[in-house]
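Numbered from 1 within each chain, the chains take letters A, B, ... in sequence-line order. Keep in mind that what you see is a predicted model, and the values were worked out from it rather than measured.
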Amino acid sequence: MTTDTIQDPKSVLETRFVDAIRAALPDLEGEVDPLIGPSRQPELGDFQSNAAMPLAKRVGMKPRDVACAIVEKLDVTGIANPVSDESIAGPGFINISLLPEAIGSALSAMDDEDLGLPAPADPETIVVDLCGVNLAKQMHVGHLRSSVIGDAIARLKERLGHTVIRQSHVGDWGLPIAMVVQRLIELEDEGSIDTKTISLDELNTIYRAAQAQCKAEKKALDLIERVGGHAKAEAELEARIEDAQRAFKLAQERLVKLQSGDERSVSMWNRVYEITMGACLATCAALMTNITDEHSAGESTYREELGPLISDLESRGVAEIDDGALVVKVDGIKEPTLVRKRNGGYLYATTDMAAIKRRVQELGADQVIYCVDARQALHFKQVFGAATKAGYATKPDGTVAHLEHAAFGNVLGEDNKPLKTRSGENVKLQDLLDEAVVRAKQEVDSRSADFPEEERATIANNIAIAAIKYADLSTERVKDYVFSFDRMLAFEGDTGPYVLYAIARINNLVRKARDNGVDVESALSSEMTLDDPAERALALLVLRYPTMVRAAGENDEPNRLCGYLYDLASMFAKFYEKCPILKDGVDEGSRDTRLRLAVLTKRVLEDGCATLGIPTVERM
RNA sequence: GCCCCGGUAGCUCAGCUGGAUAGAGCAACGGACUUCUAAUCCGUCGGUCGGAGGUUCGAAUCCUCCCCGGGGUGCCA
């Protein structure tokens with residue numbers, strides 16, 4: 001960047017204001033925040049400083065007098081219109097109107113490869129835990145959020161220049177999996193299934209049957225306990241219990257075989273793994289998330305590490321025996337973290353501690369972000385506390401990694417209850433995607449009948465995925481949200497398709513300009529002079545992009561960037577209505593400025609979508 | 001019982017971490033298409049920001065208590 005290009009107006013104003021405040025209040029000690037932000041009232045200016053009010057308290061003056069003193073010392077040469085007492089409003093807001101050429105040169109400065117977001121000098125290594133499917137189970141809407149939000153957070157961190165390692169903590173180990181493996185082996189021996197061709201749906205059915213069997217036992221035992229050994233109840237349930245207990249015992253034995261590397265058990269487990277991951281990773285691909293096999297880090301991969309980890313906790317006195325179980329007690333957390341059951345078995349907290357150890361000490365994470373359901377809040381609080389206490393979150397250089405649970409809420413149906421099918425089952429994620437694509441295709445077919453069939457299919461697919469992801473990303477993460485095809489695909493208002501439409505319009509504009517013989521390349525490097533209010537408003541919003549990406553990325557809040565992209569698309573639509581570009585009577589200067597502004601807007605929209613993992617379309 | 005998270009327009013949601021008159025979309029009503037793509041734009045209607053106190057120049061935002069909804073709470077994951 002050359003010295004004569006003007007930086008981001010906000011940071012320039014911040015420097016100027018700090019200088020003015022120092023000059024106006026020479027006795028002031030401590031930090032000074034000029035509190036510069038976009039104007040709340042665009043008719044009064046482009047930016048405002050709210051610094052006078054808090055400063056007034058510190059120096060014991062009236063806010064307005066402080067504002068006057070600041071204005072007197074403020075030098076905005078080269079960036080904004082001169083300020084005076086007229087610029088002060090209300091209790092002491094100072095309004096600033098930028099010079100058109102200052103906006104123009106700031107835009108030119110931003111119009112480079114990285115769109116005003118250069119790579120940081122000290123990038124971090126960040127592990128993002130996402131997706132987290134379970135063997136023998138389909139992906140459902142819960143995985144939608146973990147995958148879509150997790151991938152968006154990962155992309156945001158990548159966009160900020162950090163090194164991201166995605167980790168899918170696949171539920172691929174433990175008794176439930178052993179039950180499926182056991183059942184499959186039985187069914188194979190009976191000759192009633194062919195494991196070479198079995199589908200994930202069939203596996204899922206077997207999984208549920210195995211689970212139900214386990215639950216039947218527990219329910220029966222509970223019932224007997226309640227009726228106090230009633231002879232009739234016992235007789236009625238005896239057979240079922242016996243059956244369930246036998247299955248349970250066989251599953252436990254199967255788990256031991258699996259753990260000891262028994263050939264048939266392991267090969268069946270491998271088959272279950274292949275089938276599940278094949279289907280789930282295909283869905284991840286359909287969702288256009290960057291989640292592949294290389295990101296899978298199943299619970300099974302930690303199994304050899306759990307024993308040594310427990311020994312370590314015990315020998316160093318980090319964990320203690322409590323009522324027969326091994327627990328880690330952490331100051332400030334009432335509930336101790338259980339890491340070993342009375343019967344010697346390990347728990348999910350044990351595996352999660354091993355995961356933290358690996359992620360921090362082997363993968364070198366400065367930060368580990370868990371994109372997991374909000375109901376796990378206490379679990380992660382416990383695990384983070386226990387792992388930190390044990391030193392597993394400490395890197396070899398002695399720094400302690402930041403562990404964070406990026407929690408998300410439920411996906412609800414239109415009845416405001418967790419989304420289920422009519423028969424009360426979890427909605428399969430793939431079914432959800434398929435339906436969205438079908439609906440989008442109908443819309444594209446009717447609106448763009450002249451496009452080739454193959455292109456319409458691609459457009460429909462991208463619009464559907466964009467609609468689903470935008471809907472999932474645009475609300476506050478921790479809140480539940482209501483899933484509605486009609487709303488997200490309505491193509492009206494605050495939706496993914498609306499943002500894509502703005503991009504498509506700009507592409508069309510450029511295409512048309514070329515057709516009209518406009519020298520687009522030279523227009524895109526022309527001097528920009530912004531006169532019209534709609535141009536200025538759009539330009540100022542474009543300039544906020546780097547700040548918005550940082551805010552969204554640093555706080556793990558993709559919804560902020562979503563909101564910005566909608567605002568930008570909306571502002572473009574207003575600009576597009578008010579500022580003709582290729583129409584007759586537009587002088588070349590305005591045309592080139594507007595064309596360049598439109599194309600820069602498009603680049604920001606596309607970059608923002610890419611940063612969130614939202615696909616775009618060339619035309620629609 | 002204790003802990004966590006929510007409560008903003010009829011509906012679905014924002015609200016830039018304490019700033020000026022609380023904003024969008026949908027729904028309702030009224031306008032703008034031989035058009036640089038109307039999947040758009042403009043206007044009207046719609047609010048005791050769950051309630052009550054408090055903190056201060058200023059509170060949807062911070063602190064306390066209460067009400068409502070959801071979730072969690074030691075040997076499942």
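Contact check on A/Asp373 versus A/Arg145 returns no salt bridge, with no Lys/Arg side-chain nitrogen under 4.0 Å from an Asp/Glu carboxylate oxygen. Here A/Glu554 does not pair with A/Arg560 in a salt bridge; the nearest charged N to carboxylate O distance is not below 4.0 Å. Comment: A/Glu299 does not engage A/Arg303 in a salt bridge, judged by the lack of any side-chain N to carboxylate O separation of less than 4.0 angstrom. One finds no salt bridge joining A/Asp532 and A/Lys578 here, because no Lys/Arg side-chain nitrogen approaches an Asp/Glu carboxylate oxygen to under 4.0 Å. We find that A/Arg596 and A/Asp592 are not joined by a salt bridge, their nearest charged nitrogen and carboxylate oxygen being 4.0 Å or further apart.
Residue A/Tyr498 is classed as a sugar-phosphate contact, given heavy-atom separations below 4.0 Å to backbone atoms only. Contacts of A/Arg342 with the nucleic acid, taken as non-hydrogen atoms under 4.0 Å apart, include base atoms. Across all strands shown, A/Phe572 has no heavy atoms under 4.0 Å from either base or sugar-phosphate atoms. Within the nucleic acid shown, A/Met548 has no heavy atom closer than 4.0 Å to any nucleic acid atom. Counting non-hydrogen atoms under 4.0 angstrom, A/Leu44 reaches a base of the nucleic acid. Among the heavy atoms of the strands lying under 4.0 Å from A/Asn508 is at least one base atom, whether or not backbone atoms are also near. Residue A/Pro91 is in base contact, counting any heavy-atom pair closer than 4.0 Å across all strands shown. Using a 4.0 Å heavy-atom criterion, one finds that A/Asn95 contacts the bases of the nucleic acid, with or without backbone contacts as well. Across all strands, A/Ala89 comes closer than 4.0 Å to base atoms (heavy-atom distances). Here A/Cys579 lies in heavy-atom contact (under 4.0 Å) with a base. When heavy atoms are screened at a 4.0 angstrom cut-off, A/Leu500 is found touching no nucleic acid atom at all. A/Leu378 comes within 4.0 angstrom of sugar-phosphate atoms only, judged by non-hydrogen atoms across all strands, and of no base. Note on A/Gln48: a base of the nucleic acid sits closer than 4.0 angstrom, heavy atoms only. Among the atoms of the strands shown, base atoms are found under 4.0 Å from some heavy atom of A/Ala504.
Distance A/Tyr481 OH to B/rG25 C1': 17 Å, rounded to the nearest Å. For A/Arg477 and B/rG15, the CZ to P distance is 12 Å, given to the nearest whole Å. Rounded to whole Å, atom P of B/rU17 lies 12 Å from atom CD of A/Glu554. Look at CG on A/Leu595: it is 15 Å from P on B/rC36, rounded to the nearest Å. Rounded to an integer number of Å, the gap from CG of A/Asp472 to C1' of B/rC13 is 14 Å. Between A/Asp480 atom CG and B/rC4 atom P there is a gap of 18 Å when expressed in whole angstrom units. Rounding to whole angstrom units, CG of residue A/Asn507 and P of B/rU37 are separated by 11 Å. Between A/Glu43 atom CD and B/rA20 atom C1' there is a gap of 10 Å when expressed in whole angstrom units.
With hydrogens and angles ignored, no donor-acceptor pair under 3.5 angstrom links the side chain of A/Tyr501 to the base of B/rA39. For B/rC4, the base has no donor-acceptor partner in the side chain of A/Arg375 [N/O atoms by modelled type, under 3.5 angstrom]. The base of B/rC75 sits within donor-acceptor range of the side chain of A/Asp323, with an N or O pair under 3.5 Å.
Base pairing annotation: B/rG23 forms a Watson-Crick or G-U wobble pair with B/rC13, both donor-acceptor distances under 3.5 Å. Within the shown strands, B/rU64 is the pairing partner of B/rA52 under the Watson-Crick or G-U definition, both distances less than 3.5 Å. Nucleotide B/rA39: unpaired (no Watson-Crick or G-U wobble partner with both distances less than 3.5 Å). Remark: B/rC75 base-pairs with no nucleotide in the shown strands. Criterion, Watson-Crick or G-U wobble with two distances under 3.5 Å.
The main-chain N or O of A/Asn508 is never found under 3.5 Å from a side-chain atom of A/Arg619 such that the two would form a donor-acceptor pair.
Look at the C1' atom in both B/rG15 and B/rA38: the space between them is 29 Å, to the nearest Å.
A/Asn50 has no side-chain polar atom (N or O) that falls below the 4.0 Å cut-off from OP1 or OP2 of B/rG58. Put simply, A/Lys334 has no side-chain N or O that comes within less than 4.0 Å of OP1 or OP2 on B/rC2.
Taking the syn range as angles within 90° of 0, the glycosidic angle of B/rU37 is outside it, so the base is anti.
For the pair A/Arg505 and A/Phe572, the NZ or CZ position fails the cation-pi test of under 6.0 Å to the six-membered ring centre and within 45 degrees of the ring normal.
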